[in-house]
Asks: 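Here it is, the structure in full.
Values reported hereafter were calculated over all heavy atoms of this structure, with side chains retained and with hydrogens, waters and symmetry mates removed. Along the sequence shown, residues carry numbers from 1.
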Amino acid sequence: MNDPNCIFCRIATAQIPAARVFENERAVAILDISPLAEGHLLLIPKQHVPDIRGISPADLGELTGVLPRLVTAVMNATGATGANVLQNTGASSGQAVFHLHFHIIPRVESDALGYRWNAGTYAAGRAEAIKEAVIQNLSAP
């Protein structure tokens, strides 16, 4: 199932050209046209799924099973010493194309990309309340 208005669906079906580095029956990996670093890849399922909440566990496993291979290949190809694997869900997280995809961003110590991790703390009792809410939602259909 594809969305004719979705750019990633059009890339996955080769209606729009892209620098493909990997393809199988379920997914395609391409060079990002606006890379954060040389070798920045996108892993895209061929099936249109707006975000990670819409994919079955089995299909997600099939899709992400290639990540170790892609990370290794792009690190070796670029000389990177690390990599970020990133998936954004929802506009507030930075998702701009509403078709599930994973970013593979090769990193080196001196790349100056940075990473913002503004860790915080929970107010008294709040962690327990959040924990219980998550558990209840895991049980919901």
Side-chain angles (χ1 to χ4, degrees), residues 1-124 126-141:
M1 167 181 359
N2 288 316
D3 178 344
N5 299 313
C6 173
I7 192 166
F8 284 173
C9 285
R10 295 177 69 205
I11 289 170
T13 57
Q15 295 173 35
I16 295 176
R20 293 170 185 256
V21 299
F22 172 84
E23 184 170 7
N24 66 16
E25 62 281 348
R26 295 191 179 271
V28 61
I30 62 171
L31 288 175
D32 192 312
I33 62 168
S34 298
L36 295 178
E38 284 191 355
H40 179 165
L41 300 179
L42 299 176
L43 175 62
I44 304 166
K46 289 184 176 178
Q47 169 190 3
H48 182 76
V49 179
D51 63 48
I52 202 164
R53 297 169 295 174
I55 193 167
S56 74
D59 286 346
L60 182 61
E62 291 283 331
L63 174 66
T64 59
V66 71
L67 281 171
R69 191 169 154 212
L70 288 171
V71 169
T72 299
V74 78
M75 286 179 67
N76 289 342
T78 62
T81 56
N84 291 117
V85 177
L86 177 66
Q87 190 283 312
N88 299 319
T89 294
S92 63
S93 75
Q95 185 178 8
V97 177
F98 293 90
H99 181 118
L100 175 63
H101 58 285
F102 290 83
H103 294 264
I104 301 163
I105 306 162
R107 301 292 305 268
V108 295
E109 292 291 330
S110 62
D111 65 21
L113 286 178
Y115 190 78
R116 192 178 65 191
W117 195 282
N118 299 326
T121 60
Y122 286 106
R126 187 68 181 149
E128 184 65 25
I130 294 293
K131 179 189 94 169
E132 291 303 321
V134 170
I135 291 169
Q136 287 178 357
N137 278 280
L138 284 171
S139 301

Asks: Restricting to non-hydrogen atoms, name the atom on Ala27 and the atom on Leu43 that form the minimum distance, rounded to 0.1 Å.
Replies: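 Minimum heavy-atom separation between Ala27 and Leu43: CB-CD1, 3.9 Å.
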Asks: Which distance, rounded to the nearest 0.5 Å, do you find between the CD of Glu23 and the CD1 of Ile44?
Replies: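 It comes to 10.5 Å.
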Asks: Give a yes or no on whether Ile7 atom CD1 has more than 12 heavy-atom contacts from other residues, nucleotides or ligands under 6.0 Å away.
Replies: no
Asks: When rounded to the nearest 0.5 angstrom, what is the spacing between CG in Asn2 and CZ in Arg10?
Replies: 11.5 Å
Asks: Hey, could you give me the CD/CD distance between Glu25 and Glu62, rounded to the nearest 0.5 Å?
Replies: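 Here the rounded value is 7.0 Å.
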Asks: Provide the closest heavy-atom pair for Pro106 versus Ala80 in the form atom of the first, atom of the second, distance.
Replies: CB-CB, 3.6 Å
Asks: Identify the two heavy atoms, one from Arg20 and one from Ala12, that lie closest to each other, and give their separation to 0.1 Å.
Replies: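 Heavy atoms of Arg20 and Ala12 come nearest at NH2-O, 3.7 Å.
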Asks: Compare every heavy atom of Gly54 with every heavy atom of Val49, then report the nearest pair and how far apart it is.
Replies: CG1-C, 3.4 Å
Asks: Between the main-chain N or O of Val97 and the side-chain N or O of Gln95, is there a donor-acceptor pair closer than 3.5 Å?
Replies: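 Side chain of Gln95 to backbone of Val97: a pair is present.
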Asks: Would you compute the distance between atom CG of Asn5 and atom CZ of Phe98 and round it to the nearest 0.5 angstrom?
Replies: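 Result: 14.5 Å between the selected atoms.
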Asks: Distance-only, no hydrogens or angles: does the Asp59 side chain make a donor-acceptor pair with backbone N or O of Ser56 under 3.5 Å?
Replies: no
Asks: Tell me the closest heavy-atom pair linking Ala37 and Leu113, and the distance in Å.
Replies: CB-CD1, 4.3 Å
Asks: When you compare the side chain of Gln87 with that of Leu100, does any pair of heavy atoms fall below 4.5 Å?
Replies: yes
Asks: Can you tell me how far apart OG1 (Thr78) and CD1 (Ile105) are? Round to the nearest 0.5 Å.
Replies: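 Thr78 atom OG1 to Ile105 atom CD1 measures 12.0 Å (nearest 0.5 Å).
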Asks: Answer yes or no: is there a side-chain heavy-atom contact under 4.5 Å between His40 and Leu42?
Replies: yes
Asks: Inspect the surroundings of CD in Glu109 and state if more than 12 heavy atoms from other residues, nucleotides or ligands are less than 6.0 Å away.
Replies: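 Counting neighbours around CD of Glu109, 12 or fewer heavy atoms of other residues, nucleotides or ligands fall under 6.0 Å, so no.
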Asks: Give a yes or no on whether the backbone of Leu67 and the side-chain of Thr64 come within a donor-acceptor separation of less than 3.5 Å.
Replies: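 Checking the backbone N and O of Leu67 against the side chain of Thr64, no donor-acceptor pair under 3.5 Å is found.
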Asks: Taking atom CZ of Phe22 as the centre, does the number of heavy atoms from other residues, nucleotides or ligands within less than 6.0 Å exceed 12?
Replies: yes
Asks: Which heavy-atom pair separates Asn88 from Ser93 by the least distance, and what is that distance?
Replies: CB-OG, 3.2 Å
Asks: Is the closest side-chain heavy-atom distance between Leu41 and Ile30 below 4.5 Å?
Replies: no
Asks: Has Ile33 got more than 12 heavy atoms of other residues, nucleotides or ligands less than 6.0 Å from its CD1?
Replies: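 No.
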Asks: Around atom CZ of Arg69, are there more than 12 heavy atoms from other residues, nucleotides or ligands closer than 6.0 Å?
Replies: no
Asks: In the structure I gave you, are the side-chain heavy atoms of Arg26 and Leu63 within less than 4.5 Å of one another anywhere?
Replies: no
Asks: Side chains of Gln15 and Thr13: donor-acceptor distance under 3.5 Å anywhere?
Replies: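 Short answer, yes.
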Asks: Does some side-chain heavy atom of Pro45 sit less than 4.5 Å from a side-chain heavy atom of His99?
Replies: yes
Asks: To the nearest 0.5 angstrom, please state how far the CZ atom of Arg107 sits from the CG atom of Leu36.
Replies: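 The CZ atom of Arg107 sits 8.5 Å away from the CG atom of Leu36.
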